[in-house]
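Below is one structure, written out as C-alpha cells, with a few remarks after it.
In this chain, residues are counted from 1 in sequence order. As the structure lists them, so they are numbered: ligands from 1, and atoms in each ligand from 1.
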Amino acid sequence: MSSENKKQKKSESVSNPSSWSLSSYRIYLILFLAIILIYFFISMTSGAKEITWDQFKKEMLLSGDAAKLNVINKETVNVYIKPDSLKKEKYKTAAKDILGNINRGPHYYFHIGSVEIFEKNLEEAQAQFDENKKTTVQYTNGETIWWINVLSWLAPILLLAVFWIFIMNRLSSGTGSMGRSIFDFGKSSPEIYEKGKVSAVTFKDIAGYDEAKTEVIEIVEFLKQPENFTKLGAKIPKGILLVGAPGTGKTLMAKAVAGEAGVPFFSLSGSEFIEMFVGVGASRVRDLFNKAKQKAPSIIFIDEIDTIGRVRGKALSIQANDERESTLNQLLAEMDGFGPNTGVIVLAATNRADTLDPALLRPGRFDRHIHLNLPNKQERNAIFKVHLKPLLLDPLVDAEYISSQTPGFSGADIANVCNEAALIAARKKKKAIETQDFFDAIERIVSGLEKKSKIISPAEKKIIAFHEAGHAVVSWMLKNADPLQKVSIIPHGKSLGASWYLPEERQIITRTQFYDSLSAALGGRTAEEIVFKEISSGALDDLEKATKQAYMMVTQLGLSEKIGNISFYDSTGINENSFQKPYSEATGQIIDEEVKKLIENAHETAKIILESNRGKLDALANLLLQKEVVYKKEIESVLGKRAVKEEKVLV
Ligand code: ADP
C-alpha cells in the first residue's frame, strides 16, 4: 500500500481517534484508582486493631477498661472500651477513627478457639471482681456490614472487567482500527473514499499496462452508466482479481478505479479481517458488504486477499486456522448473495493467485483476473517518466537509458529509485539530479547500503578481487551468460563484492544459458582454487544460487536427461508443507546425482576457461585491487571484446 493511501483519512469512524482513546484511558485509570481507594477505605474503617487474649486480659480486662465484649460467629471477640478509659494514653490510637472522629468501637478484637474455653478463661480472670463490675458479653451471628461483604467479591470482578476492557481496546486499536470501542469489534473499518472525496489517482498516473487498463475501464463505465450494459442483457463481473508481484501497482490500479468511477470505495486489507477470536472475521465481512450495499453503486477493494483466501484445509492440522476458514466462507456467501447488477463490485489484489481457494475463483465470484506483470523496458520507461516529472533533473538525464539499467524492477522499485536519487543529489547539495545519482540509487536498492567503512584486510581484499575477477572472466568468455556491466569489490550490505550483469529481457531460458550461468556462478570459487590453491567461505551465496538453480533444472524444468521430461513443480502449492516427496527414493537419488553432475561440469568448464585465461584473470584482479570498481569498457580493454552471442531463434 502506498503512503498516499495511508494519508487519506477515514471519513467514517471517530473524528479524532487519538484524543478519544486518550480520554478513554483516563476513565479506566480513574475507575481503577477509585476501586483501589474504596477497598483501602473499607479495610481501614472496619478494622479494629487485633490483639491477643493475654494482652486483652492484662491491659483491658483487669484494669477495668473493657465496657463490653461482643462474640461474633463464635470465633471473634470485639472489644469495646469505656468512653472514660479511652482518654488514657495507651488508647490514643484506638480512640479516633481515620477521619479523626470519636471511634464508637469496636476498638479491638481477638480470635478465640472455642466459646467454652473463652468463657472459662474470662470467668477465671474476673473471679475476684464484683458481679456488677464484670464485663458484659454479647453473642452475635454474622454481624458484618453487608455491603462490605458484597464489595469484597464485587471489587475483584470489577477490577477484572476494567482490565479486560483495557486489553480489548488495545487489541482493537492494534489492528488498524484505532479508537474503536469493543462493541465495534465485529465491525469492519474500511478506508472509505466517498463521492467528492475520491482518491486523486486516475488512470493517467498509471504508466503502461494498457490491456489491464482497458479491462478496468469497462468496470468504471458500468458503474457510471449501468444501463448501457444491462439493456443488452450483459452482466458485469462481480469480482475482479488483480494478480501481480509486490509493487506492480495493484493498489494503484484499484485507487484509480475509485478515482475515475466517482463511487464510494471501501478499501481493506485481508489481514484486517483476522483477529484472535473466532467469528470476528466473518462478522466483519458481513458488515463490510452491508455498508457497501447501502451505498451502491460502490466498490470494495480487498488488498492481499491471500491472507484469508488460501486453499481451505491445506494447512497441517497444527496450523489449522478456523477463523480464516470461517471468514473465507462468509466472503464466498456474501459474493453469492448479491446479484450481478446490484452495483457492488469487489476488487481484490494478491501476489499469490496460485494459493487461492478454487471456490473463490469460480465463475460468479472472482471470475475475471487481471495480471500485472513486472514491467518490460518500455513500460519501465513510461513509469520512470511518471515519477521523474516532479523531479528537478539535469538536462542530460535520459529516462530510457536509466530504464534499460533496471530490469526486473517493479513500479514501486522505480518510484523508490527516483526518490532515492533525489535524496542522494540533495545530500551532495547538487542543483539538479544527475544520471550518476540514479545509478547510485539503483545500486543502493539492489544491494543495500554501500558500506565503505567495512574493514577488510589486504589479504582478504586480494581473495575478493580474484573471486570477482573469476566470475567476470568466466561469464565474459561464455557466449550465453548474461552480459557483464561492472565488477566491484566494495562491500555492499552483506556481500563483500559483486559482479553486475544486465539480464536480458527474455521469457525463455535455454539449457545452454542455464549451463553458462551455472559456470559463471562457480567462476569465483574456481578462481580462488586456481590462484591460491585454497578455497574460502566467500562462495556461500554463489553455491546456494547454483545449487538451487541446478535442482530447479532437474526437478522442475525437465532439463536433465536421466530424469527426462518430468516436473515435480506444484503450482497449487498444496504440497508445500508436506513431508512427503512426490518421487520415490530411487528417483531422489538420481536427482541428487544429476545435480552433482551439473555442478561438477559447470565447475570443470569454469576451470578450463580460467586456466587458459590466467593472464587475463590476474590482470583484471589487479585492476580491481587498484580501482575497486571496474566498468564494462575497462573490462573490455583487459579481456578483449566479448564473443557475440549467436542469435537463437526459438519457435
Ligand atoms: P502493489 O499494491 O502491487 O504492491 P502499489 O500499487 O502499492 O503496489 O504500488 C506502489 C507504488 O509503485 C505506487 O504508489 C506507484 O508510485 C508505483 N507504481 C507501481 N506501478 C506503477 C505504474 N504502472 N505507474 C506508475 N507508478 C507505479
Handout entry: Ligand-side contact atoms (ligand 1) for residue partner T248, heavy atom cut-off under 4.0 Å
Key = 3 (O), 8 (O), 20 (N)
Problem - Euclidean distance, E260 CD relative to K255 NZ, rounded to 0.5 Å - result: 14.0 Å
Exercise for the section: Just let me know how L252 lines up against ligand 1, side chain, backbone, both or neither, with a heavy-atom cut-off below 4.0 Å. Expected result: both
Exercise for the section: Decide whether an N or O pair under 3.5 Å exists between A415 and ligand 1. Expected result: no
Problem - A412, A349, C418: member with heavy atom nearest to atom 11 (C) of ligand 1 - result: A412
Problem - Closest contact, heavy atoms only, Q549 versus S517 - result: NE2-OG, 2.9 Å
Problem - I206 N/O under 3.5 Å from ligand 1 N/O - result: no
Exercise for the section: Output yes when K428 and D440 qualify as a salt bridge under the 4.0 Å nitrogen-oxygen rule, no when they do not. Expected result: yes
Problem - K291 bridged to D287 by N-O distance under 4.0 Å - result: yes
Practice task
Answer yes or no for P246: is there a heavy-atom contact with ligand 1 below 4.0 Å?
Solution key: yes
Exercise for the section: Output the list of atoms in ligand 1 that are nearer than 4.0 Å to some heavy atom of Y209, sorted by atom number. Expected result: 23 (N)
Problem - Close approach, G244 and ligand 1, non-hydrogen under 4.0 angstrom - result: no
Handout entry: Shortest non-hydrogen separation from L241 to F366 and the atoms involved
Key = N-CD2, 4.1 Å
Practice task
For atom 24 (N) of ligand 1, state which one of A256, A212, S410, A207 supplies the nearest heavy atom.
Solution key: A207
Exercise for the section: Select one of side chain, backbone, both or neither to describe which atoms of D205 lie under 4.0 Å from any atom of ligand 1, heavy atoms only. Expected result: backbone
Exercise for the section: Give a yes/no on ligand 1: does H387 have at least one heavy atom closer than 4.0 angstrom to it? Expected result: yes
Problem - Polar atom proximity, D303 to ligand 1 (N or O, under 3.5 Å) - result: no
Exercise for the section: Report the distance from atom NZ of K293 to atom CD1 of I300, rounding to the nearest 0.5 Å. Expected result: 8.5 Å
Problem - Minimum heavy-atom distance D437-K430, with the two atoms named - result: OD1-NZ, 2.8 Å
Exercise for the section: Before giving the answer on salt bridge (Lys or Arg N to Asp or Glu O under 4.0 Å), spell out for E215 and R368 the whole-Å C-alpha distance, their side-chain angles and the decisive distance to 0.1 Å. Expected result: CA-CA 9 Å; E215 290 203 48; R368 194 175 275 208; 3.7 Å; yes
